[in-house]
Amino acid sequence: MSKRGSIAVSVVALGAMTMSTLSLGQASAAPATEPSGDAVEPQACEWVSEESVSDVRAVSNLEGTFAWNQDAVTGNEELRHVLYEGVSQYLCGVHGNVAEVAQGASSLNQAVTDGDRIVALRVEGDVRNSFVATIEECLDEAPIQTVLGCTCAGNPADGRASANAEVTGFTVAALLERAQPVEEANAITFTAQDGYAVTLPLSYVQQRHSVIVTEVGGAAIDEALGCQNQLWLGATSARSFVRDVVSIKVESLPQEPGVPTLQGLNQPNVGVVEGAVE
């Protein structure tokens, strides 16, 4: 028996491996023998549990084409639900909300906030040009609109905490170009309005799409995700996605900070959201 057909699926976010450029792939399986020549209608495929495996009918020869793409973009309501509601306070780079983290936060916020509203970013540290730039200035100088992946590090295989989102904001690269880090600089720290901070290797941030996001899915980020801005990084777990960034500090540390890893966790973190048989 030989069957022909093709199956197309839409894949949402390759998790930590997703970059801003969407990719398209295709795989084809060659038949073991020549087809019989009789046309056969395409057969539908569905996932089956181990308990129902006895109901599956074996096919001796199967040929066709399997195609996939990453053009599925998650809506804001679903993104907020699967990635931000009811999760650990640090799972997706949310606020620290702990006393020791908040100590000293008020000094960092000087000149960059108007009450609770973030109006500017401070860029400082081991750079030739420290500066404070308004959010509007940053958006004018280095705007970007792209699709990035956002995945929680603890997302299980085929879990729902993985998404592609259309984001708008400004690039960290442009801020660094303006600041001109010294040659010895090897670390960069993003600090939130409440003092929560994430330190990453400078080269790590420079080698991937690094965006301070102000809009998600065409909506202001405060409406979409409940924060004023957020760091998004290509090919990185959302654990490093600091929200409400007010300060970016470049440093020359004795030892370069470690690279975020996903060892032992689900990779490439694919979630199949829809499929079609042609």
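Just so it is clear, the structure is predicted and the values come from calculations on it, not from any experiment.
Residues forming a side chain to side chain contact (heavy atoms under 4.5 Å, CB included) with Q255 (at least two apart in sequence, or on another chain): none. Residues that satisfy the side chain to side chain contact (heavy atoms under 4.5 Å, CB included) test with S252, not counting sequence neighbours, are D126, V182, E184, A185. Under the side chain to side chain contact (heavy atoms under 4.5 Å, CB included) criterion, V211 pairs with I144, L148, V213, sequence neighbours left out. For S130, there are no side-chain hydrogen bond (donor to acceptor under 3.5 Å, both in side chains) partners two or more places apart in sequence or in a different chain. T134 is linked by a side-chain hydrogen bond (donor to acceptor under 3.5 Å, both in side chains) to nothing, counting only residues two or more places apart in sequence or in another chain.
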Could you walk me through whether V119 and T113 pass the side chain to side chain contact (heavy atoms under 4.5 Å, CB included) check? CA-CA 5 Å; V119 297; T113 58; 5.7 Å; no
Test Q230 against L225 for side chain to side chain contact (heavy atoms under 4.5 Å, CB included), laying out the working first. CA-CA 9 Å; Q230 185 173 26; L225 301 179; 3.8 Å; yes
Tell me, with the steps shown, if I212 and I135 meet side chain to side chain contact (heavy atoms under 4.5 Å, CB included). CA-CA 10 Å; I212 303 296; I135 300 299; 5.9 Å; no
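Taking hydrophobic clusters as Ile, Leu, Val, Met, Phe, Trp and Tyr residues chained together by side-chain heavy-atom distances below 4.5 Å, L253 does not share a cluster with V205.
Here the CD1-CZ distance, from I248 to F190, works out to 5.0 Å after rounding to the nearest 0.5 Å. The line from OG1 of T191 to NZ of K249 is 8.5 Å long, rounded to the nearest 0.5 Å. Going from atom CD of E166 over to atom CD of Q145 covers 4.5 Å, rounded to the nearest 0.5 Å. Atoms CD1 and SG, on I221 and C227 in that order, are 4.0 Å from each other to the nearest 0.5 Å.
Here the closest heavy-atom approach between residue T199 and residue T189 is recorded as OG1-OG1, 2.7 Å. Taking every heavy atom of both residues into account, V73 and A165 meet most closely at CG1-CA, 4.1 Å. Here the closest heavy-atom approach between residue A219 and residue N76 is recorded as CB-ND2, 3.7 Å. Taking all atoms of both residues into account, the shortest heavy-atom contact from P257 to N186 is CD-O, 3.8 Å. Contact record, V246 with V112: CB-CG2, 3.9 Å, taken as the closest heavy-atom pair. In terms of heavy-atom proximity, Q193 sits nearest to G115 at NE2-O, 4.3 Å.
The list of side chain to side chain donor-acceptor pair (under 3.5 Å) pairs with a residue in residues 211-225, not counting sequence neighbours, is empty.
Put simply, the side chain of E124 reaches to within 4.5 Å of the side chain of S247, judged on heavy atoms. Considering only heavy atoms from C-beta on, V245 comes within 4.5 Å of L121 through its side chain. With a 4.5 Å cut-off on side-chain heavy atoms, V250 and L202 count as touching.
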Tabulate below the donor-acceptor pairs under 3.5 Å that side-chain atoms of residues 169-181 make, not counting sequence neighbours, or state none.
from	atom 1	to	atom 2	distance (Å)
T171	OG1	A174	N	3.2
R178	NH1	E137	OE2	2.9

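A cation-pi arrangement is present between R208 and Y204 under the rule of less than 6.0 angstrom and at most 45 degrees off the ring axis.
The backbone N or O of G234 lies less than 3.5 Å from a partner atom in the side chain of T236, making a donor-acceptor pair.
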